[in-house]
Protein chains: 2
Amino acid sequence: MHGDNDAGQGSAGRGAAARLRIAVRSVADRVAAELRLQLAEGILLPGARLTESTIAEELGVSRNTVREAFAELASERLVVRHPNRGVFVASLVAGDIHDVYTVRRAIEVSAIRGGGTREAVAAVRAAVEEGKLAAAADDEEGLGSANQHFHGAIVALAGSPRLNAIMSQVLAEMRLFFHKATVDAHFYRGYLDDNEETHDPL
Amino acid sequence: MHGDNDAGQGSAGRGAAARLRIAVRSVADRVAAELRLQLAEGILLPGARLTESTIAEELGVSRNTVREAFAELASERLVVRHPNRGVFVASLVAGDIHDVYTVRRAIEVSAIRGGGTREAVAAVRAAVEEGKLAAAADDEEGLGSANQHFHGAIVALAGSPRLNAIMSQVLAEMRLFFHKATVDAHFYRGYLDDNEETHDPL
DNA sequence: GATCGAAGAATTGTTGAACAATTGGCAAAA
DNA sequence: TTTTGCCAATTGTTCAACAATTCTTCGATC
């Protein structure tokens with residue numbers, strides 16, 4: 001009874017699947033993506049609790065699927081699991097932030113050393129321009145976006161899939177941090193100088 | 001009926017749980033740990049297929065739990081998921097290996113720059129000694145182990161939890177690679193020199 | 001009134017069964 | 001031989017159940 005399918009529908013279905021193959025991943029992945037988005041947009045604030053059943057209901061998926069999505073996000077450090085208590089949006093303390101910057105610096109310094117293809121270098125310059133424009137227009141949002149592109153481009157210089165992956169996690173953690181309504185400006189300033197030093201060699 | 005628990009057993013159970021709290025994690029985590037072990041020991045060879053139901057039966061857990069373990073391992077790149085086809089032990093091609101070394105180098109160079117506490121430096125020296133002893137005794141196994149300790153200690157110099165985490169993943173990937181029965185010795189040699197250069201500054 | 005502890009409620013961790021969707025192999029047809 | 005279509009096996013996902021654990025609330029005791 002369950003191996004029962006008619007040829008007509010089969011071929012039609014295959015066509016649709018092929019068209020979407022690249023875009024459509026598993027449901028768990030899409031749930032993770034949705035949550036990642038809400039995290040980045042500050043809809044879910046650090047420290048907030050994510051209840052399995054609630055999210056399962058909201059997104060119309062099963063608790064089990066939500067669980068898989070949580071595992072994904074936890075491995076990215078965007079949420080933390082407290083055994084038997086639940087998962088919470090990660091809230092970064094000063095030490096964590098310092099640590100994130102340590103990682104970013106390690107990756108970027110190494111990537112810059114490596115040189116990079118002409119296109120990769122061009123991408124960096126483009127991101128810098130993007131940032132200047134946003135800064136001139138006082139566009140907070142755009143500046144943040146340009147910042148992400150800049151750091152992504154820097155790491156892409158190395159042409160290393162793993163470094164890229166690590167960097168995108170780092171950037172995700174930083175987004176989490178920056179959306180925490182008010183950031184201690186002084187604390188942040190210190191790191192800005194650090195950034196400048198990092199990419200000066202270019 | 002399901003909220004039914006007697007006080008006596010409750011207190012006894014709590015004692016046992018408290019004793020094991022640190023060691024015993026979730027079942028999914030233990031499954032992942034077991035698989036990680038089999039991966040490191042070369043029981044599961046690169047390219048091998050891991051069937052959910054088989055492993056579930058072997059370890060006496062549910063398929064769903066195995067699934068969670070797979071997610072964990074996949075995020076560590078120890079296995080790869082082919083959608084709708086299954087998970088396979090990751091098999092690293094030349095490019096991957098190069099990439100792993102790129103990451104390792106980036107992390108280690110940065111960690112060495114940072115200096116490190118006296119204890120951390122001592123740990124590095126200890127690992128070097130361990131390696132020398134193993135080499136003198138022609139102890140392949142011990143040499144591999146010493147190598148792991150060495151690189152772990154190097155990164156620990158930075159005192160960064162995130163760098164440590166990244167490094168342990170890198171080491172796990174390397175273990176996967178080294179257990180692939182026969183490794184092209186020449187290819188490997190090239191990287192050995194690289195290692196030497198990396199830690200020479202010490 | 002404050003503290004402590006014990007039911008009770010809520011939530012997580014795990015299981016087992018079910019079924020749709022997809023894949024790969026194999027046999028029959030062209 | 002190549003292609004087509006079916007079958008078997010496996011994955012992806014859901015649902016329902018229950019045990020274990022944590023959180024809450026409510027008295028009882030001091």
Side-chain angles (χ1 to χ4, degrees), chain A residues 1-22 24-34 48-74 79-88, chain B residues 1-22 24-34 48-74 79-88:
Chain A
M1 188 101 42
H2 83 275
D4 169 59
N5 55 358
D6 68 291
Q9 196 184 41
S11 108
R14 182 132 47 111
R19 227 180 302 137
L20 299 167
R21 172 61 51 81
I22 295 136
V24 167
R25 295 166 310 184
S26 76
V27 175
D29 282 345
R30 274 179 293 168
V31 169
E34 170 64 23
R49 177 176 190 173
L50 302 181
T51 307
E52 294 181 354
S53 48
T54 304
I55 293 183
E57 204 173 347
E58 272 176 17
L59 301 181
V61 300
S62 89
R63 240 184 83 207
N64 242 319
T65 301
V66 172
R67 217 141 211 296
E68 279 197 38
F70 280 172
E72 206 171 320
L73 296 175
V79 303
V80 287
R81 276 197 122 112
H82 291 251
N84 282 316
R85 299 207 26 231
V87 315
F88 300 81
Chain B
M1 200 160 302
H2 80 274
D4 173 58
N5 56 356
D6 70 293
Q9 195 182 42
S11 111
R14 184 130 47 108
R19 229 180 301 137
L20 299 167
R21 171 63 48 83
I22 295 137
V24 168
R25 297 167 310 182
S26 76
V27 176
D29 281 345
R30 275 178 293 169
V31 169
E34 170 64 23
R49 176 175 192 173
L50 302 180
T51 307
E52 294 183 354
S53 48
T54 304
I55 293 183
E57 204 173 348
E58 272 176 18
L59 301 182
V61 299
S62 89
R63 237 186 87 208
N64 241 320
T65 301
V66 172
R67 215 142 213 293
E68 280 196 37
F70 280 173
E72 208 171 317
L73 297 175
V79 303
V80 286
R81 278 199 120 109
H82 290 250
N84 283 315
R85 300 209 24 231
V87 315
F88 300 81

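Note on naming: letters A, B, ... go to the chains in the order of the sequence lines (proteins, then strands), and numbering restarts at 1 for each one.
Rounded to whole Å, the distance from NE2 on A:H82 to P on C:dA10 is 23 Å. Computed from coordinates, the B:R25 CZ to D:dA20 C1' distance equals 19 Å when rounded to whole Å. Going from atom CD of A:E68 over to atom C1' of D:dC15 covers 15 Å, rounded to whole Å. Put simply, CZ on B:R67 is 10 Å from C1' on D:dT10, counting in whole angstrom units. Regarding A:L59, its CG atom lies at a distance of 11 Å from the P atom of D:dT14, rounded to whole Å. In this structure, CD of A:E52 is placed 14 Å from C1' of D:dA20, rounded to the nearest angstrom. Taking atom CD1 on A:I55 and atom P on C:dT12, their separation rounds to 9 Å, with Å as the unit.
Of all heavy-atom pairs between A:V31 and A:A69, the closest is CG1-CB, 3.5 Å. When all heavy atoms of A:E52 and A:R81 are compared, the pair lying nearest together is OE2-NH2, 4.1 Å. Across every non-hydrogen atom of A:F70 and A:L50, the tightest pair is CZ-CB, 3.7 Å.
The listed nucleotides are C:dT14, D:dT21, D:dG12; the one nearest the side chain of A:N84 is D:dT21. For B:S26, counting side-chain heavy atoms from C-beta on, the closest listed nucleotide (C:dT14, D:dT11, C:dA17) is C:dT14. Here the nucleotide nearest the side chain of B:N64, chosen from C:dG13, C:dA17, C:dT12, is C:dA17. For B:R49, the side-chain atoms get nearest to D:dT11 when compared with the rest of D:dT11, C:dG13, C:dT12.
No side-chain heavy atom of A:L59 sits under 4.5 Å from any side-chain heavy atom of A:V66.
Taking 3.5 Å as the limit, the base of C:dG13 and the side chain of A:R63 contain a donor-acceptor pair of atoms between them.
Of the residues near DNA chain C, B:R85 and B:T65, the one whose nearest nucleotide (by heavy atom distance) lies more toward the 5' end is B:T65. Residue whose closest nucleotide on DNA chain D sits further toward the 5' end, between A:P83 and A:A28: A:A28.
Dashed line: the shortest gap from a side-chain N or O of B:R81 to OP1 or OP2 of D:dG12 is under 4.0 Å.
Not one N or O on the side chain of B:R67 forms a donor-acceptor pair closer than 3.5 Å with the backbone of B:S62.
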